[in-house]
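Here the structure is laid out as structure tokens; the discussion comes afterwards.
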Amino acid sequence: MSATAEIITMLTCLVEAWNAGDATAYAARFTEDADYISFDGTHTQGRQAIESSHRWLFEGPLKGSTMAAPDSDVEVKPLADGAALLISQGGTAVDGRRRDSIVTLTAVRTPEGWRFASFQNTRVTS
């Protein structure tokens, strides 16, 4: 499997974990020291903090929300050997209201396989 295919598969696993409300599986796709910036500018650092914050979200305000699957417009741009930038349109739906976003992630190859070292969610306004 190519690096691009592996990275897109990892993004798909991230979406599946969100849709299952599984904070542990969601956070597992990130490096131990990942940076996670949400649409409102909240900056979460580290896999454990990402898991904790998403557990709270999945059990509270985002319970039952869904994340859109990656579409064919996902861009994977190699940055260096073992590092790539990923840009994808997507978003979440909460209580039937869709919130469109563009997300950028940095993927890095680790001994455990590809993981995301950074995540930035930018809301798209109409």
Side-chain angles (χ1 to χ4, degrees):
M1 182 181 290
S2 72
T4 296
E6 288 181 48
I7 292 167
I8 292 172
T9 296
M10 188 172 59
L11 179 60
T12 300
C13 290
L14 194 71
V15 169
E16 290 170 351
W18 180 290
N19 292 342
D22 187 339
T24 302
Y26 188 82
R29 297 291 155 199
F30 291 91
T31 60
E32 288 292 334
D33 62 348
D35 289 283
Y36 192 102
I37 302 171
S38 63
F39 75 95
D40 65 356
T42 301
H43 183 188
T44 304
Q45 294 179 289
R47 182 185 294 161
Q48 288 184 338
I50 292 167
E51 180 176 349
S52 177
S53 65
H54 281 81
R55 184 173 319 291
W56 177 80
L57 289 168
F58 294 157
E59 292 175 356
L62 296 181
K63 186 173 185 167
S65 65
T66 57
M67 180 182 284
D71 62 20
S72 60
D73 293 334
V74 175
E75 294 179 57
V76 178
K77 298 180 178 186
L79 299 174
D81 187 37
L85 173 68
L86 179 80
I87 302 170
S88 178
Q89 293 188 21
T92 57
V94 180
D95 296 327
R97 291 185 350 262
R98 184 167 166 84
R99 304 176 309 180
D100 293 329
S101 297
I102 295 178
V103 294
T104 55
L105 303 102
T106 306
V108 294
R109 190 183 335 259
T110 71
E112 296 80 32
W114 286 94
R115 295 290 182 268
F116 293 122
S118 70
F119 174 99
Q120 165 72 51
N121 180 16
T122 304
R123 287 273 167 79
V124 176
T125 57
S126 309

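Here, residue 1 is the first one in the sequence, and each next residue gets the next number. Just the heavy atoms: all of them, side chains too, but no hydrogens, waters or symmetry mates, feed the values below.
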Crowded around Gln45 CD? As in, over 12 foreign heavy atoms under 6.0 Å?
->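 Buried by this count: over 12 neighbours within 6.0 Å.
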Might you confirm whether atom CG of Asp81 has over 12 heavy atoms from other residues, nucleotides or ligands at distances under 6.0 Å?
->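 12 or below, so no.
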Roughly how far, to the nearest 0.5 Å, is [atom2] of [Y] from [atom1] of [X]?
{"X": "Phe39", "Y": "Thr122", "atom1": "CZ", "atom2": "OG1", "result": "11.5 Å"}
{"X": "Ser65", "Y": "Arg97", "atom1": "OG", "atom2": "CZ", "result": "11.5 Å"}
{"X": "Ser38", "Y": "Ile50", "atom1": "OG", "atom2": "CD1", "result": "11.0 Å"}
{"X": "Glu32", "Y": "Glu112", "atom1": "CD", "atom2": "CD", "result": "8.0 Å"}
{"X": "Ile87", "Y": "Asp73", "atom1": "CD1", "atom2": "CG", "result": "11.5 Å"}
{"X": "His54", "Y": "Asp22", "atom1": "NE2", "atom2": "CG", "result": "12.0 Å"}

Between Ser52 and Gln48, is there a donor-acceptor pair closer than 3.5 Å when you use the side chain of the first and the backbone of the second?
-> no
Hydrophobic clusters here meaning ILVMFWY residues chained together by side-chain heavy-atom distances under 4.5 Å, can you tell me if [X] and [Y] are in one?
{"X": "Trp56", "Y": "Phe58", "value": "yes"}
{"X": "Leu105", "Y": "Val74", "value": "yes"}
{"X": "Leu14", "Y": "Val94", "value": "yes"}
{"X": "Val103", "Y": "Met10", "value": "yes"}
{"X": "Ile37", "Y": "Phe116", "value": "no"}

Looking only at heavy atoms, what is the nearest atom pair of [X] and [Y], with distance?
{"X": "Arg29", "Y": "Cys13", "result": "NE-CB, 3.5 Å"}
{"X": "Arg55", "Y": "Ala23", "result": "N-CB, 3.4 Å"}
{"X": "Arg47", "Y": "Ala27", "result": "CG-O, 3.3 Å"}
{"X": "Ser118", "Y": "Thr106", "result": "OG-OG1, 2.7 Å"}
{"X": "Ile7", "Y": "Ala84", "result": "CD1-CB, 3.8 Å"}

Flag for Thr92-Arg99: side-chain donor and acceptor within less than 3.5 Å = yes
What class does the angle between the rings of Phe119 and Tyr36 fall in, given that below 30° is parallel, 30 to 60° is tilted and above 60° is perpendicular?
-> parallel
